[in-house]
Amino acid sequence: MSVHDEVAFEKYHGTGNDFLVVDANEYVPDRAAFATRHCDRTDGVGADGVLFLALEDRFDPPRVVMTLVQPDGSTAAMCGNGARVAAEWAMERTGASEVMIDTQAGTRYARREGDEVAIEMGEPRFEPEVVPLADEYDEPMLGEALEGYAVTALNTGVPHAVVFVDDVDAVDVDAAAPPIRSHDAFPEGANVTFASRREDGGFDQRTYERGVEGETASCGTGAVAIAAAARVRDRTTADVVHVSPPGGDLLVSFPEDGAATLTGPVAHEFDGEAAATVDRVEPQP
């Protein structure tokens, strides 16, 4: 483990969902403070989170342990685009075309598919205790009225509240999402994802992310949540669903076992160094 004041990082993004990648061997005394400081888009590097990655290349396929620390200092159990970035990072270092990603939501298999990276996301879950929903819920939330919207709740590695609307571009996400994100129905909070169906059968997406506390250019778990909720709510019967967040295009597919796979591009933007030791500050609302 190296100990010095400057920590090397690499900047990646998956369809605009951007991350600082730091080798877990680097010594960062306070990861929460590091993420809060350097994810800040005004005074820091700017990112939707920091991925601390530990590569274990003795395995076949190689494994990478992923810890995502968000701009508010919290840790997210899963991030679809973050996991795809972690896979690309590991494959670049090992020359492998497939890797295993160990996340707090479980181990996920990822592979290269042409110029894109695909990752198995597990089976979307709607059970109240898995989302999780408040104790008074004993049935899945499938289109319940919350804060003026019909909300479908599910877990795709993290909790999502999915709202189908006529046009996502007409939604004031910064105003509409926070009351749902912090609603009593979600004791641990929820990501809020708005979706509108296109004429070609795909869906446009906008997501307000818990932990970022704002809208992001893309959200992989949100794309999976849209596809899964659309299938349950009879808005699509497709086994392959195209989802388009503002930052690009993602593909969500459902093999016969019920688990979802998320596929999309990953880009390496640039490398840099950032102070390892920073004062802990509260993120601005």
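With values rounded to the nearest 0.5 angstrom, His13 atom NE2 is found 10.0 Å from Arg84 atom CZ. Of the inter-residue distances, the one linking Asp204 atom CG with Arg197 atom CZ reads 11.5 Å to the nearest 0.5 angstrom. Within the model, atoms CH2 of Trp89 and CZ of Phe19 stand 15.0 Å from one another, a figure rounded to the nearest 0.5 Å. Taking CD from Gln70 and CG from Asp48, the interatomic distance works out to 9.0 Å, rounded to the nearest 0.5 Å. In this structure, CD on Glu92 lies 3.5 Å from OH on Tyr12, to the nearest 0.5 angstrom. Going from atom CZ of Arg112 over to atom OG1 of Thr263 covers 13.0 Å, rounded to the nearest 0.5 Å.
Under the 4.5 Å side-chain heavy-atom criterion for Ile, Leu, Val, Met, Phe, Trp and Tyr, Val45 and Val7 are members of the same hydrophobic cluster. At a threshold of 4.5 Å between side-chain heavy atoms, the hydrophobic network of Ile, Leu, Val, Met, Phe, Trp and Tyr places Val168 and Val173 in one connected group. Ile101 is connected to Leu68 through a chain of hydrophobic side-chain contacts under 4.5 Å among Ile, Leu, Val, Met, Phe, Trp and Tyr, so both are in one cluster. The cluster map of Ile, Leu, Val, Met, Phe, Trp and Tyr, joined by side-chain heavy atoms under 4.5 Å apart, puts Val232 and Leu133 in different clusters. By the criterion of side-chain heavy atoms lying less than 4.5 angstrom apart, applied directly or through intervening Ile, Leu, Val, Met, Phe, Trp or Tyr residues, Val162 is not grouped with Tyr137; the two fall into different hydrophobic clusters.
Lys11 contributes no side-chain N or O that, together with a main-chain N or O of Gly272, makes up a donor-acceptor pair within less than 3.5 Å. Under a 3.5 Å cut-off, the side chain of Arg198 and the backbone N or O of Phe203 do form a donor-acceptor pair. A donor-acceptor pair under 3.5 Å is formed between the side chain of Asn191 and the backbone N or O of Arg210. A donor-acceptor pair under 3.5 Å is absent between the side-chain atoms of Thr75 and the main chain of Val69, judged by distance alone. His38 places a side-chain N or O within 3.5 Å of a backbone atom of Ala275 that can act as its donor or acceptor partner. Between the side chain of Ser218 and the backbone N or O of Gly16 there is no donor-acceptor pair closer than 3.5 Å. Although no hydrogens or angles enter the test, the distance criterion places a donor-acceptor pair under 3.5 Å between the side chain of His183 and the main chain of Ala185. Between the Thr36 side chain and the Pro71 main chain, a donor and an acceptor come within less than 3.5 Å of each other.
Judged by the 6.0 Å and 45° rule, Arg233 forms no cation-pi pair with Phe164. A cation-pi arrangement, defined by a distance under 6.0 Å to the six-membered ring centre and an angle within 45 degrees of its axis, is absent between Arg181 and Tyr208.
Partner of Arg93 under the salt bridge (charged side-chain N to carboxylate O under 4.0 Å, His left out) criterion, chosen from Glu56, Glu10, Glu88: Glu10. Considering Thr221, Asn17, Thr193 in turn, Asn17 is the only one that fulfils the side chain to side chain contact (heavy atoms under 4.5 Å, CB included) rule with Glu209.
Heavy atoms only, all atoms of each residue included: Pro140 and Pro128 are closest at N-CG, 3.9 Å. Pairing each heavy atom of Ala86 with each of Val64, the nearest pair is O-CG1, 4.2 Å. A pairwise comparison of heavy atoms in Leu20 and Ala47 identifies CG-CB, 3.9 Å as the closest pair. Closest non-hydrogen pair, Phe194 versus Ala177, comes out as CE1-CB, 4.1 Å. Nearest heavy-atom pair, Asp249 versus Pro265, reported as atom, atom and distance to 0.1 Å: O-CD, 3.8 Å. Listed here is the closest heavy atom pair of Thr156 and Pro124: CG2-CB, 4.1 Å.
Residue Asp166 places its CG atom among 12 or fewer non-hydrogen atoms of other residues, nucleotides or ligands, all under 6.0 Å distant. In Asp184, the CG atom is not crowded: 12 or fewer heavy atoms of neighbouring residues, nucleotides or ligands sit closer than 6.0 Å. Heavy atoms of other residues, nucleotides or ligands lying less than 6.0 angstrom from CG of Asp135 number 12 at most.
Contact of the Tyr149 side chain with the Val165 side chain is registered, since non-hydrogen atoms from C-beta on lie closer than 4.5 Å. Side-chain atoms of Cys39 and Val50, non-hydrogen and from C-beta on, do get closer than 4.5 Å to each other. Thr94 has its side chain out of reach of Phe59: every pair of non-hydrogen atoms, C-beta onward, lies at least 4.5 Å apart. At least one side-chain heavy atom of Val151 sits under 4.5 Å from a side-chain heavy atom of Phe186. Here the side chains of Val240 and Leu251 are in contact, with some heavy-atom distance below 4.5 Å. Between Phe34 and Val22, the closest side-chain pair of non-hydrogen atoms falls below 4.5 Å. Side-chain contact between His268 and Val85: absent, with no pair of heavy atoms (C-beta onward) separated by less than 4.5 Å. For the pair Tyr27 and Pro29, the minimum side-chain heavy-atom distance is below 4.5 Å.
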**OP:** For the pair Ile226 and Val252, evaluate side chain to side chain contact (heavy atoms under 4.5 Å, CB included) and give the outcome as yes or no after the intermediate values.
**Re:** CA-CA 9 Å; Ile226 288 170; Val252 182; over 6 Å; no
**OP:** Run the numbers on Leu51 and Met66 for side chain to side chain contact (heavy atoms under 4.5 Å, CB included), then give the verdict.
**Re:** CA-CA 7 Å; Leu51 294 170; Met66 180 183 101; 3.9 Å; yes
**OP:** Kindly determine whether Thr67 and Gln104 satisfy side chain to side chain contact (heavy atoms under 4.5 Å, CB included), including the steps that lead there.
**Re:** CA-CA 8 Å; Thr67 303; Gln104 294 177 23; 4.3 Å; yes
**OP:** Report the C-alpha distance between Leu55 and Asn25 in whole Å, list the side-chain angles of each, state the deciding distance to 0.1 Å, and finish with yes or no for side chain to side chain contact (heavy atoms under 4.5 Å, CB included).
**Re:** CA-CA 9 Å; Leu55 179 62; Asn25 284 324; over 6 Å; no
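Ion pairing between a basic and an acidic side chain is recognised when a charged N comes within 4.0 Å of a carboxylate O; Glu123 and Arg125 show no such pairing. Salt bridge Arg41/Asp18: present, at least one basic N to carboxylate O contact under 4.0 Å.
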